Enquirer: 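To start, I am sharing the structure in question, which I have written as structure tokens.
Atoms within each ligand, like the ligands themselves, are counted from 1 in listed order. None of these values were measured; they are calculated from a predicted model.
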Amino acid sequence: MKAIGVFDSGVGGLTVVKELMRQLPREDIIYFGDTARVPYGTKSRETVIRFSIENILFLLKQDVKLICIACNTSSSVAFPAIASHFKVPIIGVIGPGAKEAVYATRNKRIGVIATTGTVKSGAYASRIRQLDPLIKVTSVACPLFVPLAEEGWLDNSVAARVADIYLKPLKKAGVDTLILGCTHYPLLKPVIKKAIGSKVRLIDSARQVAMETKRILQDQGMLNPAARKPRHRFYVSDNPQGFRALARRFLGEPVGNVFKVSHV
Ligand code: DGL
């Protein structure tokens with residue numbers, strides 16, 4: 001049986017892998033983290049599209065049955081341009097996250113926090129408006145959240161101050177639902193919650209993405225029927241030791257099977 005392929009700009013996509021492992025415990029997973037070229041969030045559209053195509057081609061060489069783009073920046077910038085050009089199903093994180101937020105909001109005010117590239121693309125806002133044109137979307141780029149999460153500064157005074165500053169316009173906008181539109185942000189949930197207020201519902205796309213993956217595999221008869229221990233392999237384009245060290249925080253468990261590849 002073929003594996004599910006997942007890629008991200010680096011280690012953050014493991015937050016999606018964690019949810020895939022939980023909801024699809026029999027599935028083999030092949031992960032690619034582009035650690036040599038991270039971050040994608042500050043790069044141009046053309047570059048993110050090129051990197052995303054290269055990552056997809058790498059996963060296709062591993063003969064995967066479905067590809068999940070865990071990176072929000074790739075999902076918002078590259079997914080609409082490239083997803084229909086490949087034969088395997090490709091899932092991005094924007095649609096599932098937007099859907100869950102539209103379902104959750106009561107006052108029709110949704111906030112989006114993400115990388116600069118994702119915010120600039122307007123992908124979340126346009127998907128939300130397609131689903132409900134009456135919803136008001138306020139988006140804020142929070143680039144410092146990525147290094148804070150990687151540094152493990154998840155709930156200290158620096159993280160709290162940064163969160164207060166970034167989330168101020170969203171408080172002002174009165175959002176009742178906030179999309180964590182970047183792979184790294186789920187790690188900062190406690191500090192984000194404190195800054196925005198406990199009544200605001202935080203949406204992390206990973207759960208919905210895993211549900212959608214399961215649904216597609218089910219519909220296409222591609223679920224792995226075997227009751228055996230699944231194989232999980234992790235490929236990175238640089239620094240496998242660094243990846244291994246950070247992986248534990250993002251996945252909640254240590255990873256074995258990390259290999260360095262030059263995929264381009
Ligand atoms: N994985 C990226 C995302 O979800 C965050 C890190 C980066 O900028 O590459 O947008």
Enquirer: Given F32, which partner from the list F51, Y235, F58, F7 fulfils the ring-ring contact (aromatic ring centres under 6.0 Å, His included) test?
Expert: F58
Enquirer: Measure the distance from atom 10 (O) of ligand 1 to every protein heavy atom, then report the residue, atom name and distance (to 0.1 Å) of the closest one.
Expert: T73 OG1, 2.6 Å
Enquirer: Taking atom types as modelled, is there a side-chain donor on D238 or T35 under 3.5 Å from an acceptor on the other?
Expert: no
Enquirer: Given N72, V11, V77, identify the one with the heavy atom nearest to atom 3 (C) of ligand 1.
Expert: N72
Enquirer: Under the 3.5 angstrom rule, does the side chain of D204 hit a backbone N or O of P186 as a donor-acceptor pair?
Expert: no
Enquirer: Between T42 and ligand 1, which residue portion shows a heavy-atom distance shorter than 4.0 Å: side chain, backbone, both, or neither?
Expert: neither
Enquirer: Among side-chain atoms of R127 and Q130, is any donor-acceptor pair under 3.5 angstrom?
Expert: yes
Enquirer: Among all protein heavy atoms, pick the one closest to atom 6 (C) of ligand 1 and tell me residue, atom and distance.
Expert: S9 OG, 3.6 Å
Enquirer: Taking heavy atoms and a distance under 4.0 Å, where does T115 meet ligand 1: side chain, backbone, both or neither?
Expert: side chain
Enquirer: So if I count the atoms of ligand 1 from 1 in the order they appear, which ones are less than 4.0 Å from some heavy atom of D8?
Expert: 1 (N)
Enquirer: What part of T183, side chain, backbone, both or neither, has a heavy atom within less than 4.0 angstrom of ligand 1?
Expert: both
Enquirer: Is a donor on one side and an acceptor on the other found under 3.5 Å between the side chain of S237 and the backbone of A36?
Expert: yes
Enquirer: Considering only heavy atoms of G41, which atoms of ligand 1 have at least one such atom less than 4.0 Å away?
Expert: 7 (C), 8 (O), 9 (O)
Enquirer: So, does N224 use its side chain to make a donor-acceptor pair with the main chain of R26 at under 3.5 Å?
Expert: yes
Enquirer: Between N257 (side chain only) and H232 (backbone N and O only), is there a donor and an acceptor less than 3.5 Å apart?
Expert: yes
Enquirer: Which ligand 1 atoms does V38 reach within 4.0 Å, using its non-hydrogen atoms?
Expert: 9 (O)
Enquirer: Considering only heavy atoms of C182, which atoms of ligand 1 have at least one such atom less than 4.0 Å away?
Expert: 3 (C), 4 (O), 5 (C)
